[in-house]
Protein chains: 2
Amino acid sequence: MIKISGYAAKDAKSPLVPFSFERRLPGDHDVQIDILFCGICHSDLHTARNEWKHTLYPVVPGHEIIGRVVKAGSQVKKFKAGDLAGVGCMVGSCGTCENCRDNEEQFCTGGTIFTYNSADPNGGVTYGGYSKAIVVNEKFAFQIPANLDPAKAAPLLCAGITTYSPLRHWKVSKGQKAGVVGLGGLGHMAVKIAHALEARVVVFTTSPSKKEEAHRLGADEVVISNDTDQMQKHAGSFHFILDTVSHSHDLNPYLNLLKRNGVMCLLGAPENPHPPVSPGNLIFKRGSLAGSLIGGVRETQGMLDFCGKHNITSDVEVIPIQKVNEAYERMLKSDVKYRFVIDLNSLK
Amino acid sequence: MIKISGYAAKDAKSPLVPFSFERRLPGDHDVQIDILFCGICHSDLHTARNEWKHTLYPVVPGHEIIGRVVKAGSQVKKFKAGDLAGVGCMVGSCGTCENCRDNEEQFCTGGTIFTYNSADPNGGVTYGGYSKAIVVNEKFAFQIPANLDPAKAAPLLCAGITTYSPLRHWKVSKGQKAGVVGLGGLGHMAVKIAHALEARVVVFTTSPSKKEEAHRLGADEVVISNDTDQMQKHAGSFHFILDTVSHSHDLNPYLNLLKRNGVMCLLGAPENPHPPVSPGNLIFKRGSLAGSLIGGVRETQGMLDFCGKHNITSDVEVIPIQKVNEAYERMLKSDVKYRFVIDLNSLK
């Protein structure tokens, strides 16, 4: 076993603190990665504070990981020592169910093994990227395009794939109008990716102050979502709307904007439910309300390659790990443009 | 003008009564049809009683019409006097909007003209099939396969296309499991059509007494929907679920049954909203909650041809028009297997 230092939440109420733990030695198919950067995702906070009621303490969060391979097992094909590598939300899946066979490991019915807070088939619980190093089967490690800044690329491993996957699944493309609700960690990635897909991108926000920012990120238009007149002008005109907001809100004003066969896709699971959906908002245009969860392994590599090609990364604020608790508080106030990334060099 | 006798509701509270009105003489593109049979759809009752708050009185309901062409305008190509013809929910659309150009006139953004209770561009309000004759542009009249009993085929014009269209849109086919929620006028058609599409058909019902009936109609399996154990056995296994129930109910137990990329489609717009949808039921399988509305003109003819080929009609109880008010009361109690059809020969 390898001794690893990291940061963990030991219960739902306490701040994250330094924590020492062990990882397995790399097997034949594993790579051992010294972590350089790890993004802070809202899921980290949800889990640290047990807001989804399934946290196994102590928990070491972090699933937007970029680091350098220091050891590669004898059977490893994709990596050699010295390569940059990324790890996202998953580190394993059954490999045999229909969804795994279709390269959609995020929906593994045998049980996806998440990067942290999952039962680890090697014993114990999985620990995430708020730590110095990780050992992972190479299947769940990704090649990072050389032109991307590793600190800014780290959030692609969750925020990137979470927005890329539905935009691709529903074939958002040139000639289409795509909406993005919310301009945070997920939303700002959605704008960049939808723009690169050549859709007309419309950002919905309640803050007129975000207008300039949205345009800078790639939005063609910004709609103030609590302005009924502005919203009504777009009625029946959207092919796709990606809702990145994680708190309860009324979906009907957005469903009203879909055109025939339009899809609104939810990425967040709020603690309190959204108000009821009006069936008429679906029936009279054959609309759909859908949901999406990260993406499969193959698609994640495809997303990274796409981002490399289009030079897309996250807008980040790099912090030392000692500021993680402060970052959580600021994230709750949306006081970050747009993703915190921990520089693991700060962790001794 | 032609003088026509029919039955109308004169206000929301009174029973339907005999009513005399006028229709236009058939123009160059019109057919005049002597109505033989007209199905009774739940929408007729909703409209007669102003439950959707947009009824223009007096209203002559009826949009599941089959009759015989007695006059065909000089430019009419599809019909000649003596032919059987059907009329469904629509008698006109703008013809120029994107949806009309795509043969989806039911979503006409210029304003679909419905068979009854719509402003009629020829003046006044459209009157439906609870009447002796109708005059309609041939585009909105359909050819009826000769092998189908006209009385039993009448409900295809609404109940048939309303269920056929989503089953085809979402490509329900052999090797797939398709659910049908509710076994009424719509549900029994959905079972027959999904069976003909060679899907494995599962009927959800709260009434164990409907089991035998469901199998007779073509169901491969019947699930008692308030039996949690029975429901759980089907978790994550459905490609498609068609919800034909028109009153408020919890959709989440059904969404839980969808597999990856599965779709649940609503056909009804209840007076009171369904309870909130849990986003997790969509996110963790990339599921969709959708809605669908009848079908376009081209698809309606396709549905009739499909039903002709597979010898599919509705199970009906034929009544004289004098019993229409009694039929409404029985329909509210689901006391019909499965569709009332008015024999217009009873109307003098």
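All values below come from the heavy atoms of this structure, side chains included, with hydrogens, waters and symmetry mates left out. We name chains A, B, ... by the order of the sequence lines, and we start the count at 1 in each one.
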Enquirer: To the nearest 0.5 Å, what is the distance between CG (A/N99) and CZ (B/R286)?
Expert: 9.0 Å
Enquirer: Between A/R260, A/K285, A/E98, which residue shows the highest count of heavy-atom pairs closer than 4.5 Å to chain B?
Expert: A/R260
Enquirer: What residue in A/S165, A/G236, A/G268, A/C265 has the most heavy-atom pairs under 4.5 Å with chain B?
Expert: A/G268
Enquirer: Output the distance between atom CG (A/L289) and atom CG (B/L255), rounded to the nearest 0.5 Å.
Expert: 9.0 Å
Enquirer: Is there side-chain contact between A/P270 and B/P279, with heavy atoms separated by less than 4.5 Å?
Expert: yes
Enquirer: Do A/S288 and B/W170 have side chains that approach each other closer than 4.5 Å (heavy atoms only, starting at C-beta)?
Expert: yes
Enquirer: What's the shortest heavy-atom distance between B/F284 and A/F107, and which atoms?
Expert: O-CD2, 3.2 Å
Enquirer: Measure across A/H274 and B/P276 and return the closest heavy-atom pair with its distance rounded to 0.1 Å.
Expert: O-CB, 3.3 Å
Enquirer: How far does CG of B/N261 sit from CG of A/D102, to the nearest 0.5 angstrom?
Expert: 9.0 Å
Enquirer: Could you walk me through whether B/I283 and A/L267 pass the side chain to side chain contact (heavy atoms under 4.5 Å, CB included) check?
Expert: CA-CA 7 Å; B/I283 289 171; A/L267 299 179; 5.9 Å; no
